[in-house]
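Only one structure is covered here, and it is reproduced in the block below.
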Amino acid sequence: MQRRTRNLAYKLPQTPLGYVPDGSYTHTVTLYRPGRADDFLRELRAAVRDCPAQPGVGGGNASTSRPRLLADDGFGDGSVLFEIRTPARDVDGNPAGGDEVRLVRAIRVGDVVTVLWEQGWEGTSSTRSQVDADSRRAVDAIKGWLR
């Protein structure tokens, strides 16, 4: 197995010059031995399904996060999409009402798995259409690399 990870900040086309990024990703690409990439997706699906809540760390303002599998298809040779939902907090760590939602997608292309974990920026939530578009670009990049 070989793995590379990077962190990427992104701006949407409509974001004015000089503004902070709209979000960020932790992006991992892993090359598995033949047949093992599909095992990873199956194990990931089971891990998310079997983990109903994750207690926060960091003291009194820590928020419990709740992962949840979402319907997903049409990406690579197989994919897993899940959300991580936590109560929204203001800049001081106080409850702000509503939830912050992060999306994580793992995509298999042959023996390669890429994971896109949308981290947001300054308390924003993931936008599904943006994660979908970035996932398609990631699949195209892997297919080009495998040629």
Item to check | Validation row: Glu83, Leu70 side chains within 4.5 angstrom (heavy atoms) | outcome: yes
Checklist entry - Step by step, would you call Arg68 with Val48 a side chain to side chain contact (heavy atoms under 4.5 Å, CB included)? => result CA-CA 7 Å; Arg68 180 174 68 109; Val48 173; 5.9 Å; no
Next on the checklist: Looking at Arg85 and Asp99, is there a salt bridge between them, counting it only when a charged N and a carboxylate O are closer than 4.0 Å?
Outcome noted: yes
Checklist entry - Using 4.0 Å as the upper bound for N to carboxylate O, is an ion pair formed by Asp140 and Arg136? => result no
Checklist entry - Hey, are Arg45 and Glu43 close enough for a salt bridge, meaning a charged N less than 4.0 Å from a carboxylate O? => result no
Next on the checklist: Between Asp72 and Arg105, does any NZ, NE, NH1 or NH2 come within less than 4.0 Å of an OD or OE carboxylate oxygen?
Outcome noted: yes
Checklist entry - Does Lys11 reach the main-chain N or O of Leu17 with its side chain, forming a donor-acceptor pair under 3.5 Å? => result no
Next on the checklist: Go through it in stages, so that I can follow the logic: the residues are Thr114 and Ile142, the test is side chain to side chain contact (heavy atoms under 4.5 Å, CB included), and I'd like the CA-CA distance, side-chain angles, deciding distance and then a yes or no.
Outcome noted: CA-CA 8 Å; Thr114 187; Ile142 290 171; 3.5 Å; yes
Next on the checklist: Is it true that Ser65 and Thr86 share a donor-acceptor pair across their side chains at a distance under 3.5 Å?
Outcome noted: no
Next on the checklist: Regarding Asp38 and Arg108, does a basic nitrogen lie under 4.0 Å from an acidic carboxylate oxygen?
Outcome noted: yes
Item to check | Beyond-backbone contact of Asp134 with Tyr25, side-chain heavy atoms, under 4.5 angstrom | outcome: yes
Next on the checklist: Just to verify, which of Ile107, Leu81, Val80, Leu116 counts as forming a side-chain contact (heavy atoms from CB on, under 4.5 Å) with Phe75?
Outcome noted: Ile107
